[in-house]
Amino acid sequence: MTDKITGDMPKAYDPHSVEAPIYQMWMDKGHFKPVLNPDRDPFCIIMPPPNVTGELHLGHALTVTIEDALIRWHRMLGDPTLWVPGVDHAGIATQNVVEKELAKEGMSRHDLGRSEFEARVWKWVGQIRSRISIQHMRLGASADWDREVFTLDDGPQLAVRETFVRLYNDGLVYRGERIINWCPRCQTALSDLEVDHVETQGSLWYVRYPLLDEAGNPTGEYVVVATTRPETIVGDTGVAVNPDDDRWKAFIGRTALLPVIEHHIPIVADEAVETEFGTGAVKVTPGHDPTDFDIGARHGLPVIVAMDSEAKMNEHAGPLAGLDRMEARKTIVADLERLGLLEKRVDHTHSIGHCSRCDTVVEPIASTQWFVRTEPLARPAIEAVKDGRIEIIPRRFERVYMHWMENIRDWCISRQLWWGHRIPVWYCGDCAELTAAVVDPTECPKCGSAQLEQDPDVLDTWFSSGLWPFSTLGWPDDTESLRTFYPTSVLETGYDILFFWVARMIMLGMYVTGEVPFRHVYLHGLIRDAKGQKMTKSRGNVVDPLDITEKYGTDAARFTFATGGGPGNDFRLFDEKLESSRNFANKLWNASRFVIQSIGDENVALPQVEAGAPDWPLEDRWIVSRSHAVAREVNQLLADFQINETCRVLYDFIWNEYCDWYLEMAKVRLREGDRSPLPVLAHVLQTSLRLLHPLMPFVTETIWQHLRDHVDGLDEALITARFPLGEGEADVEAEEQIGALMDVVRAVRNIRAERGVDPVRYVEAYVVADGVRHTIENGRQIVEALARVRPLHVIADTRDAPSTQVAAAVLAQTQVVVPLAGLIDVDGERDKLTKQLNEAKAEVSRLQGKLADEQFRSKAPENVIAKEEEKLSAARSRVAGLEGRLTELI
RNA sequence: GGGCGGUUAGCUCAGCGGAAGAGCGCUUCGUUCACACCGAAGAGGUCGCAGGUUCAAAUCCUGCACCGCCCACCA
């Protein structure tokens with residue numbers, strides 16, 4: 001297996017028998033490092049096998065496909081400057097892996113203990129990262145990096161601590177009481193991004209708060225507030241009105257009696273209150289609403305948190321204590337009604353936050369947490385995109401990014417989760433001093449006490465992910481990798497984590513390193529199921545990419561993903577698409593088999609394309625010219641990140657032009673024992689393989705290894721071959737002439753099919769050719785073979801062709817006449833020709849009108865006018881030809 | 001409430017200023033030695049609606065209608 005994939009090529013392409021040996025070969029040759037499952041590692045180096053992640057999403061598969069394609073392309077160009085930071089998200093996935101592992105042993109993470117669990121997770125993180133990213137990035141690079149990778153166990157933690165401490169020392173991380181989103185089920189704080197807002201039909205209750213006089217007795221007056229959350233009344237510490245609201249002006253400074261719980265609360269004036277909404281008076285609940293928290297802070301109102309961590313009303317909730325938030329609502333509404341303080345209830349839709357992980361309704365709650373002060377970090381991050389140091393593809397997402405960055409709010413980074421990066425802060429048990437440190441301190445720097453307690457909270461997983469581009473390169477150490485590969489080139493990911501991950505990487509990257517973490521951000525769309533729905537566990541419509549590779553092969557999966565959606569566009573995954581890609585691989589396989597079998601044991605050498613071309617047969621010149629054009633186009637498309645178009649162009653070229661036309665044309669000479677097409681067949685095939693390799697690495701490499709046995713001058717491995725640049729000159733003449741021949745072939749085939757000519761039978765045919773007569777003469781054998789014509793008469797004048805019992809086609813440059821005694825229905829023929837004549841006449845008058853238009857003549861560019869004139873003359877000759885045919889019809 | 005995307009052949013989607021494309025499906029034919037995971041020939045679209053810009057619009061602009069996302073502290 002070290003030198004070639006031996007044995008005959010089976011009739012059908014079988015990914016299972018092909019991928020593993022190729023994979024093995026690459027590994028043996030040191031093109032990349034081993035992974036745990038070399039037999040069926042579906043995405044070569046980068047896609048971690050199932051027993052490593054346990055969680056492999058189609059999103060990863062898509063990311064990896066595009067990253068890998070771009071990297072392979074650049075490597076083949078011999079340009080070592082493309083560096084892709086790679087797929088993240090070892091974090092969450094890894095926890096799941098370890099938990100599943102433990103479950104097999106009948107244990108839970110709690111049995112293992114925190115530090116032991118953490119150690120095991122880190123072990124996996126190191127391994128996964130080494131597989132999906134670093135290794136990927138270093139594909140084909142020299143070998144000193146294993147050590148680096150496998151010391152990553154500690155690396156990321158060090159990077160996280162270092163970053164946190166720097167931010168803390170710069171005053172960009174702080175601890176404080178703010179309203180955060182609390183998930184009562186997960187028992188943790190969440191960032192704003194981890195909350196999904198859902199429009200919900202709810203109610204707006206209008207509640208009367210009795211006013212008190214200075215002695216504290218009710219005056220009979222009321223202030224009416226509107227609320228969607230009456231249960232939070234027990235946490236109210238004020239009522240706010242707009243200072244300019246005439247309805248309430250007189251009430252400012254007075255005291256209201258809070259219903260049910262009977263607290264005395266002040267009425268304050270605050271600009272934040274909208275006069276249009278509700279009654280214009282707002283109950284202020286600083287403990288349970290972010291706006292109210294701010295209003296309360298401005299007016300010195302106390303903060304009452306009336307719920308516990310499970311969102312049950314607590315001891316501050318008076319008569320509601322102990323009730324769940326929903327029960328509390330019913331209870332208090334009933335109470336208000338009984339007290340005659342409920343003025344009315346109206347329907348009201350508003351959005352309610354849900355935990356993005358478990359979908360529980362989150363509770364905004366005042367809590368002491370750690371925050372990142374984001375505004376100073378956002379400023380350079382905005383600049384970097386604005387001035388083009390970072391380009392987001394597609395461009396429209398730059399606006400989305402800007403909008404978010406410009407309205408960014410402080411980021412709550414502490415989580416009360418069980419596992420994660422611990423916040424590197426210690427509290428002194430004796431003097432309460434707070435110490436942020438990279439290395440665990442042994443004594444309080446202030447009082448020297450050893451009574452230190454580390455903050456029990458962990459960091460938001462996106463905090464560490466935000467360091468990915470440099471933490472994986474060994475930062476904070478000054479490593480060779482960091483100097484070489486940072487800033488990286490392209491970050492590829494789904495648009496759904498633009499804020500979560502990309503924005504944070506840019507902010508933290510620029511803060512820590514002073515440089516952008518990457519130059520381009522390529523955002524792909526989301527893969528949806530066949531019905532267009534998002535794939536989610538709860539819907540049960542999640543597709544495992546490994547199942548796909550198992551069924552259709554890795555190349556088919558990759559090609560489908562790559563073709564799937566343009567940048568930033570979602571696409572639906574259908575079995576039909578996968579089948580189509582698989583069929584394409586098979587098509588390539590069989591065309592290659594044909595070439596290899598035709599070459600046989602007598603090896604051929606690759607032709608000197610540039611030197612020999614003009615003397616070659618027309619079809620050889622044509623296909624070589626086309627292959628150059630395709631190579632140029634592919635390079636341009638890849639440079640523009642138009643991966644899906646790249647796939648399309650290659651698919652069309654290989655299937656339609658190479659297989660359907662050129663191969664069939666080449667057979668004509670091959671059947672006569674002429675081996676002259678073989679070098680060209682081999683040349684265009686190997687060019688196609690190189691072009692396709694980034695997208696379908698396995699099948700192309702396998703074919704390459706077979707081809708190498710028969711063609712001299714091919715590189716040892718396709719994975720290290722050069723990428724075609726399409727530097728050969730375009731052969732316009734050959735392309736035009738082949739076009740004319742194809743037209744003739746198609747016309748005869750069409751006539752045959754329409755007349756029901758026996759497919760085996762040869763027919764006589766006349767081609768009336770004027771300008772292209774020489775071309776048709778040259779291509780006689782091709783036309784005769786591909787259209788089953790014998791003999792083909794190339795004539796100058798229509799009158800030299802038979803006129804009775806013939807079927808005819810009038811083409812742009814030629815007329816095709818096929819005598820078919822007994823198969824011709826004169827009336828039918830006349831109808832057909834008449835219809836075509838009418839169409840051609842309409843075309844002529846349309847073009848005449850257009851060309852007669854002064855405006856068009858004076859304003860349209862010359863080449864367009866010339867093109868239109870050409871069209872007109874073609875249409876005219878078509879009209880003349882058709883008229884001629886009609887008069888010939890008996 | 002803002003913003004973005006979609007609306008093109010029966011289905012899924014490309015194309016995004018110069019004569020409507022692909023895959024699948026459909027119809028008719030075909031097992032001549034690369035491939036039935038195939039070949040040949042075909043049918044099938046006034047490119048959501050209404051205006052506008054332009055010599056020229058599926059393609060640019062405006063408005064509208066559905067569908068889908070994202071963002072937003074009007075209680």
Across the strands shown, which category fits [X] at heavy-atom distances under 4.0 angstrom: base, sugar-phosphate, nothing?
X      : answer
A/L663 : base
A/H288 : nothing
A/F499 : sugar-phosphate
A/D660 : sugar-phosphate
A/V864 : base
A/R229 : nothing
A/V273 : base
A/R395 : nothing
A/F584 : nothing

From [options], nucleotide with atom closest to [X] side chain:
X      : options             : value
A/K534 : B/C35, B/A14, B/C70 : B/C70
A/K859 : B/C70, B/C55, B/U12 : B/C55
A/N586 : B/C29, B/C35, B/C55 : B/C35
A/F277 : B/C74, B/C55, B/A34 : B/C74
A/R582 : B/A34, B/A41, B/C37 : B/C37
A/P861 : B/G15, B/G30, B/G18 : B/G18
A/E868 : B/C55, B/C73, B/G18 : B/G18
A/A591 : B/G18, B/C70, B/A34 : B/A34
A/H350 : B/A75, B/G23, B/A34 : B/A75
A/H403 : B/C55, B/C71, B/U12 : B/C71

Can A/R298 and A/D270 be counted as an ion pair, charged N to O under 4.0 angstrom?
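Yes, A/R298 and A/D270 are salt-bridged.
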
Are A/R857 and A/E869 within salt-bridge range, i.e. N to O under 4.0 Å?
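Yes, A/R857 and A/E869 are salt-bridged.
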
If the plane angle is over 60° it's perpendicular, under 30° parallel, otherwise tilted; pick one for A/F559 and A/Y651.
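A/F559 vs A/Y651 ring planes: parallel.
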
Using only side-chain N and O atoms of [X], determine if any of them is under 4.0 Å from OP1 or OP2 of [N].
X      : N     : value
A/K283 : B/A75 : no
A/N750 : B/A40 : no
A/R857 : B/C55 : no
A/K551 : B/C37 : no
A/N583 : B/C38 : yes
A/W661 : B/G39 : no
A/R749 : B/G39 : no

Donor-acceptor pair, A/R528 side chain versus A/L573 backbone, under 3.5 Å?
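Side chain of A/R528 to backbone of A/L573: no pair is present.
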
Inter-nucleotide [atom1] distance ([N], [M]), Å rounded:
N     : M     : atom1 : result
B/A14 : B/C61 : C1'   : 24 Å
B/U12 : B/G48 : P     : 15 Å
B/C11 : B/G44 : C1'   : 13 Å
B/G45 : B/C37 : P     : 31 Å
B/C38 : B/G23 : C1'   : 16 Å
B/A43 : B/C29 : C1'   : 15 Å
B/C49 : B/A57 : P     : 16 Å
B/C60 : B/G18 : C1'   : 14 Å

Please give the nucleotide sitting opposite [N] as a Watson-Crick or G-U wobble pair, both distances under 3.5 Å, or none.
N     : result
B/C60 : B/G52
B/G10 : B/C24
B/U46 : none
B/C69 : B/G3
B/G39 : B/C29

Is there a side-chain contact between [X] and [Y] in this structure, where contact means two heavy atoms from C-beta onward sitting under 4.5 Å apart?
X      : Y      : value
A/Q686 : A/I703 : no
A/E271 : A/V273 : no
A/D570 : A/Y495 : yes

So for [X] and [N], does any side-chain atom that can act as donor or acceptor lie under 3.5 Å from a complementary atom in the base?
X      : N     : result
A/K850 : B/A56 : no
A/K587 : B/C35 : yes
A/E664 : B/A40 : no

Rounded to the nearest angstrom, tell me the gap between atom [atom1] in [X] and atom [atom2] in [N].
X      : N     : atom1 : atom2 : result
A/Y495 : B/G6  : OH    : P     : 12 Å
A/E576 : B/C37 : CD    : P     : 15 Å
A/W589 : B/C38 : CH2   : P     : 16 Å

Return whichever of A/R572 or A/K871 has its heavy-atom-nearest nucleotide of RNA chain B closer to the 5' end.
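This one resolves to A/R572.
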
Pick the closest RNA chain B nucleotide for A/H197 and for A/V282 by heavy atoms, then say which residue is nearer the 5' end.
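Here A/H197 is the residue nearer the 5' end.
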
For the CD atom on A/Q781, are there more than 12 heavy atoms of other groups (residues, nucleotides or ligands in this structure) within a distance under 6.0 Å?
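Open: at most 12 neighbouring heavy atoms sit under 6.0 Å from CD of A/Q781.
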
Is the cationic atom of A/R582 (NZ for Lys, CZ for Arg) positioned less than 6.0 Å from the six-membered ring centroid of A/Y552 and within 45 degrees of its normal?
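Verdict for A/Y552: no cation-pi partner in A/R582.
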
Can you tell me if A/S191 and A/E194 form a side-chain donor-acceptor pair at under 3.5 Å?
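Note: A/S191 and A/E194 side chains meet the donor-acceptor criterion.
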
